[in-house]
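To start, the structure itself, in structure tokens.
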Number of protein chains: 2
Amino acid sequence: MSGRVTMKDVAAALGVSTATVSRALKDDPAISLATRRAVLEMAQRVQYRPSAAARRLRTKSTSLIGVVVQSVGDGYVGEVVLGIQGRARDLGYQPLFFAAEERADLESEALDVFLSEQVTELIAVSPTGRPELLRRAVAEGMRVAVINADAEVPARFFREVTSGTISSQITRIGSPGRGEPMCHIRFDDVAAGELATTHLAGLGHRAFVHLRGPNVRSGLLRLLGYRRALTALGLWPQPVLTAAFPDMGSRESAVAAFLRQAGPPVAMVAYDDLAAVAALRAAHQAGWRVPEDLSVVGIDDIQFASYTNPGLTTVAQPKHELGALAVDALLTRRGAGPADGRAGPDGAVGPDGAVGPDGAVGPAGPAGPDGAEEVRVLDGQLIIRESTAPAMPVTREEAQ
Amino acid sequence: MSGRVTMKDVAAALGVSTATVSRALKDDPAISLATRRAVLEMAQRVQYRPSAAARRLRTKSTSLIGVVVQSVGDGYVGEVVLGIQGRARDLGYQPLFFAAEERADLESEALDVFLSEQVTELIAVSPTGRPELLRRAVAEGMRVAVINADAEVPARFFREVTSGTISSQITRIGSPGRGEPMCHIRFDDVAAGELATTHLAGLGHRAFVHLRGPNVRSGLLRLLGYRRALTALGLWPQPVLTAAFPDMGSRESAVAAFLRQAGPPVAMVAYDDLAAVAALRAAHQAGWRVPEDLSVVGIDDIQFASYTNPGLTTVAQPKHELGALAVDALLTRRGAGPADGRAGPDGAVGPDGAVGPDGAVGPAGPAGPDGAEEVRVLDGQLIIRESTAPAMPVTREEAQ
DNA sequence: TTGTACGCGTTATCAG
DNA sequence: CTGATAACGCGTACAA
């Protein structure tokens, strides 16, 4: 006939029933080896392709996993998505991507699509702000995993961490939602801030500065890591720079202003690679050499970090793994999680501030009464390029 | 009951038949206004969601459009994908993304998935090399559109364009496949090369250099544009730099070697933004100032082009539009294509070389006898940032 | 204007 | 080990 080739065709060609074909194709043990081979061969010959629609209608189990990203315009999300697709593929699932560019209408539409497609597992990549989508998704009965949720945080908390005592409220930051039953997969921002800072300290630096991020969770946590590392070293307090985000110019002038009243060498921990690049530009224009006068380390390891001038030392996010782990969290039931990245609190309780951003109340363990709530935290990795160097004593001419 | 809410539920709740519900939901004219409203309201109340699987099974028309990308790891593809999703959405289609990372097995699997999902329209974003997937897709009866296909091209052609007469074979480059019935949507590489070059010439530059790309179609075409613009200005020949790709270091040393035997000011047209960044690094290390000593313009306008140091002047690809137009080409039948970007030859016949890379034989028009083959070409846009400046006479101290 | 009945391609149940 | 047969949720001829 004209249409696609179906099971009936295969069955007819072999003189068997469609039931037999169906069984042979799914390796049902109750089938003779001979017929199975015959079916397989014939299916191959006539180019048979099972109809996903029919199968789903019958079994009610779509092997579909919904993925919402805010935007796939930058490389970061793309890398995570690759991790998701890879792992989903291994588990026989098909990701269904939807880019909701922070628009409420698109998010709503995404949910509609997922519902129509009978998607039961949902991954949100780096959602910022609006929790409606996720709430509605769990309300509809979906299992959801969130990668690097980055909600807004009061500016007051930043002030406290920058120059004050850390209130207990900050302890709640990074808490896995308000008891929403969803998995959280996240990069360890606190540890990243610490790692960047200790790397610089290990190079002999004693004069630090942090170019902080926007008023969101990751911004606060990275700042916290900066402070914690410095406190452990007995070097706290150190300056923290604030700029309007995501305006590149604002960041540059903030750095420029700082450099004007400082002397080399200075060690900078930037909120992320983009902030680090702004610092690179400001330094260049101010006549500071990188890394000789200014060492700077970024966080994230975006693709471009290796192309900056000079190449950027940074703490890399395990982007693929973040994606893969989200899939695991959704698909593999509690118990045998492929061991990678420790499971536990986002930032362990440290000497300064006693902050365990993971659990608000309990003694910080993988939480959730019935296993609905879960947090997996992945460490970053220090990538050393050319933007950091040992702190050298200031030469006479540099000091003028 | 336990399962999802279906049309039967809505019908039962209203005491009507499922047929009525079905009709009311699709605005069938043969339905009373009263019942329609009642159905709509009830559907709303009970949170009814149509089953995509059932609908597809019944109508055999999935509103699915397959999208293969090689990798979504860099921002470029992400932008195009956004354009695809946006336009597909407008037309009531749902994109189904698949990242085949240049791996034959993944490409094959992608096709299987599309076939199982009964996808009949396929978009390939920036495929490089292997045409098997596309061939098989059309063999399976899919309509396919290709965005910026970038096949390999003999190195000999580059030599001809760089320093020789342009053979007629080059005329065929950029021909829309070997008569494969598929639409091609592409960025005008020749025009981009010309635009970058004329911008520089307009700034007063007379000493040029091109850092060429890999041995692929776009690399050849951009080089061609460079030559054409220069020829029109009476400035040809000018040097062309070759480097191993995609090795950043190789590019840098190629540029460094060139700078060593040249004097400022020099105007460079780089194959793409990444190549331009390599040039920036090489210039920096060689002590050349940008843009004072070396003006450089890239092509593509990747996200990072505005973050380089200094900001990169470049010819932007209309990434969103490329995606949107691919959807249009597939979904809207011949006739009323939303006018954007001229339709026509990739590079018009010019004074030098007489190359119209679009059509191999005919007088260069939107080709295809039965409308199967079609080419849409989109122009780039010059984005002026800080990496280009007027050519200033060499000062005495610079000339040593 | 609405209801009835059938079939899209699979899989699962029940006989044989 | 294999074959009928029913049902998944929906759309649409056909009849009323």
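Proteins get letters first, then strands, A, B, ... in listed order; numbering begins at 1 in each.
Side chain of A:S17 to backbone of A:T20: a donor-acceptor contact under 3.5 angstrom is found. B:R4 places a side-chain N or O within 3.5 Å of a backbone atom of B:R49 that can act as its donor or acceptor partner.
A straight line from CG of B:L25 to P of D:dG9 spans 16 Å, rounded to a whole angstrom. The nearest whole Å value for the distance from the CZ atom in B:R55 to the P atom in C:dT10 is 21 Å. Rounded to a whole Å, the NZ atom of B:K60 is 14 Å from the C1' atom of D:dC10. Distance CZ (B:R56) to C1' (D:dC10): 13 Å, rounded to an integer number of Å. Atom P of nucleotide D:dC10 and atom NZ of B:K26 are separated by 13 Å, given to the nearest angstrom. Protein atom CZ of B:R23 is 10 Å distant from nucleotide atom P of D:dA13, rounded to whole Å. Rounded to an integer number of Å, the gap from B:K8 NZ to C:dA5 P is 14 Å. Going from atom CG of B:D9 over to atom C1' of D:dG9 covers 11 Å, rounded to whole Å.
Mapping A:V5 and B:L33 onto DNA chain C by nearest heavy atom places B:L33 at the nucleotide closer to the 5' end. Annotation: of the two residues near DNA chain C, B:A30 and A:A19, the 5′-most nearest-nucleotide partner is B:A30.
Nucleic acid contact for B:S22: base, since at least one base atom lies under 4.0 Å from a heavy atom of the residue. Counting any heavy atom pair closer than 4.0 Å across all strands shown, B:T18 reaches no nucleic acid atom. As judged by a 4.0 angstrom heavy-atom cut-off over every strand, B:M7 is placed among residues touching the sugar-phosphate backbone only. Using a 4.0 Å heavy-atom distance criterion, A:T20 is classed as a sugar-phosphate-only contact.
Contact annotation: side chain of A:R58 to base of D:dA7, donor-acceptor pair present below 3.5 Å. Counting atom types as modelled, B:R49 pairs no side-chain N or O with a base atom of D:dG9 as donor and acceptor under 3.5 Å.
Ranking D:dT2, D:dC10, C:dA12 by closeness to the A:I31 side chain, first place goes to D:dT2. Among the nucleotides D:dG3, C:dT1, C:dG9, the one closest to the side chain of A:R4 is C:dG9.
In terms of phosphate contacts, B:S17 brings a side-chain nitrogen or oxygen within less than 4.0 Å of OP1 or OP2 of C:dG3. Dashed line: the shortest gap from a side-chain N or O of B:T35 to OP1 or OP2 of C:dT1 is not under 4.0 Å.
Between A:R89 and B:E109 there is a salt bridge, since at least one side-chain N of the basic residue sits less than 4.0 Å from a carboxylate O of the acidic one.
Here the rule is side chain to side chain contact (heavy atoms under 4.5 Å, CB included) with A:R23, and of A:V39, A:I31, A:T35 only A:I31 fits it.
Checked by atom type, the side-chain pair A:E102/A:T128 shows a donor-acceptor distance below 3.5 Å.
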